[in-house]
2 protein chains.
Amino acid sequence: MAQNEISIATIQRLPIYLDYLKSMTGGAEYISATALASALGFGEVQVRKDLASVCSSGKPKIGYHVEELKAEIEEYLGYHKANNAIVIGAGRLGCALLGYEGFSRYGLNILAAFDIDVSKVGKMENGKPILSMEELAGFCRRENVQIGIITVPAVHAKQACEALLAAGILAIWNFAPIHLDVPESVIIKDENMACSLAVLSTKLAKKLGENAAT
Amino acid sequence: MAQNEISIATIQRLPIYLDYLKSMTGGAEYISATALASALGFGEVQVRKDLASVCSSGKPKIGYHVEELKAEIEEYLGYHKANNAIVIGAGRLGCALLGYEGFSRYGLNILAAFDIDVSKVGKMENGKPILSMEELAGFCRRENVQIGIITVPAVHAKQACEALLAAGILAIWNFAPIHLDVPESVIIKDENMACSLAVLSTKLAKKLGENAAT
């Protein structure tokens, strides 16, 4: 039930709590919401609310049991159940994702990359094969791949998306800066770096304006 | 005044509207909020609200003048004023960002990468130099660099951040999966891919649970 009620914003903060808890040294058994809020620059009310949605072990005046809290967040985020994934587009970004060992910590298991460029097909990248698009559907069915990651340029993204849908993929992580239409039954998460950049640029423009005015 | 009131969520959606407007073919002079909402999968009320914060040219029953709306969004996002940036960490992700030509469309001008690995220093990547960390502060002052992009592994991120602060950087775009402490006067935007992945994984886990139950 809690799962249905947790907001996207809370889900996105959960890995940040988890990273912090894992980085704690000194062996403290408990941590308070106040300490977590202060370390991460979040509001205290927000921290309490976020953690209440995944964890029932917080105690007044004592705080959260660190090991229990870590286990509860990992359980919620499904880090113990690995999801198989593949990348479409063996360019720089695709290979960066393929080579990023940290993903296994998050339950993401990237098995291979696929590319339309025949000069890349058949090569290995970080011990993982680059395969042709013709092999996609068979590979996904055989290896039980649930997640497709799109790292092709915007002009090829629609085609990559259609190939993933035809291969029976359930979720798409889209790094191409373009809107992709998918059936309602497919989960899509856009990773549009232009959107993050927009936040940075507008804040910077405002700051430069303020600096110039003083 | 409007600038102060716009939410982060709205700012993050502005590049999505802009991309869509630029991708429009057929030469329509006007577009309605209804058409935009439907094309992008957003709510109509949200579209009206988002666009009202940057644009005054929407007309009842006619919609927005496409060219004017594009110009107003670009103006708001500061795409016409280029920000100089550098990357710390010339690994796969750093080089992917260095080679991504799309950033210039967003007013981001990446000039160089810096790395502690002497075997990389002195090389060129997509026509841009990889320099040593010792050259950072001088380069940033000389070239008027405002934005520092951190793409080093988490263990080196704190050190990279300190070097950027010492070099007088105003804004940091952090791709390392770690929380960085910066003075209030410095803008920081975390690009934590684990946070996006968490959204995808939890939705997928829920979906797989539903599928198993039926």
Side-chain angles (χ1 to χ4, degrees), chain A residues 3-4 6 8 11-16 18-20 23 39-41 76-79 81 83 91-93 95-97 99-100 102-103 105-108 146-147 154 170-173 177-179 181 185 187 189-208, chain B residues 3-4 6 8 11-16 18-20 23 39-41 76-79 81 83 91-93 95-97 99-100 102-103 105-108 146-147 154 170-173 177-179 181 185 187 189-208:
Chain A
Q3 179 129 343
N4 291 312
I6 297 196
I8 298 287
I11 293 174
Q12 289 188 310
R13 282 188 294 268
L14 292 176
I16 300 173
L18 187 60
D19 275 349
Y20 180 75
S23 76
L40 295 170
Y76 183 82
L77 292 175
Y79 285 179
K81 292 165 285 180
N83 287 311
R92 279 201 181 77
L93 179 60
C95 291
L97 297 179
Y100 182 55
F103 282 140
R105 287 202 294 138
Y106 306 124
L108 186 75
Q146 289 112 7
I147 299 179
L170 296 174
I172 293 175
W173 197 8
I178 191 175
H179 174 70
D181 277 318
S185 60
I187 299 157
K189 172 83 182 118
D190 288 311
E191 195 74 23
N192 193 333
M193 290 200 269
C195 298
S196 298
L197 186 57
V199 175
L200 201 69
S201 305
T202 47
K203 283 189 182 173
L204 184 60
K206 214 175 131 188
K207 181 178 197 63
L208 291 171
Chain B
Q3 180 127 341
N4 291 312
I6 297 198
I8 298 286
I11 293 174
Q12 289 188 308
R13 282 188 294 267
L14 292 177
I16 299 173
L18 188 59
D19 275 349
Y20 180 75
S23 75
L40 296 169
Y76 182 82
L77 293 174
Y79 285 179
K81 295 165 283 185
N83 288 311
R92 278 200 181 77
L93 179 60
C95 291
L97 297 180
Y100 182 55
F103 282 139
R105 286 202 295 140
Y106 308 123
L108 186 76
Q146 289 114 6
I147 299 178
L170 296 174
I172 293 175
W173 197 9
I178 191 173
H179 173 71
D181 278 316
S185 60
I187 299 157
K189 172 81 183 120
D190 288 312
E191 194 74 25
N192 193 333
M193 290 198 268
C195 298
S196 298
L197 186 55
V199 175
L200 201 68
S201 304
T202 48
K203 283 190 182 171
L204 183 59
K206 214 175 129 189
K207 180 177 197 64
L208 291 171

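Below, read A as the first sequence line, B as the second, and so on, with proteins coming before strands; counting in each chain starts at 1. Small disclaimer: the values here were computed from a predicted structure and weren't measured.
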Tell me, out of [options], who's got the most heavy-atom pairs with chain A below 4.5 Å.
options                     : answer
B:Ala154, B:Gly107, B:Cys95 : B:Cys95
B:Arg92, B:Arg13, B:Lys189  : B:Arg92
B:Leu93, B:Leu204, B:Asp19  : B:Leu204

On a heavy-atom basis, which atom in A:Leu197 and which in B:Phe103 lie closest, and how many Å separate them?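 Result for this residue pair: CD2-CD2, 3.8 Å.
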Straight-line distance of A:Ile8 CD1 to B:Lys203 NZ, nearest 0.5 Å: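 Here the interatomic distance stands at 4.0 Å.
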In terms of heavy-atom pairs under 4.5 Å with chain B, which of A:Leu108, A:Leu14, A:Asp190, A:Asp181 leads?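 Option with the top pair count is A:Leu108.
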Which residue out of A:Leu40, A:Ile172, A:Ile16, A:Ile147 racks up the most heavy-atom pairs below 4.5 Å with chain B?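 Most pairs with chain B among the choices: A:Leu40.
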Would you say the side chain of [Y] lies within less than 4.5 Å of the side chain of [X], judging by non-hydrogen atoms?
X        : Y        : result
B:Leu200 : A:Gln146 : no
A:Ser201 : B:Asn83  : yes
B:Glu191 : A:Glu191 : yes
B:Ser23  : A:His179 : no

[X], part contacting chain A, at a heavy-atom distance under 4.5 Å:
X        : result
B:Ala39  : backbone
B:Lys207 : side chain
B:Leu18  : neither

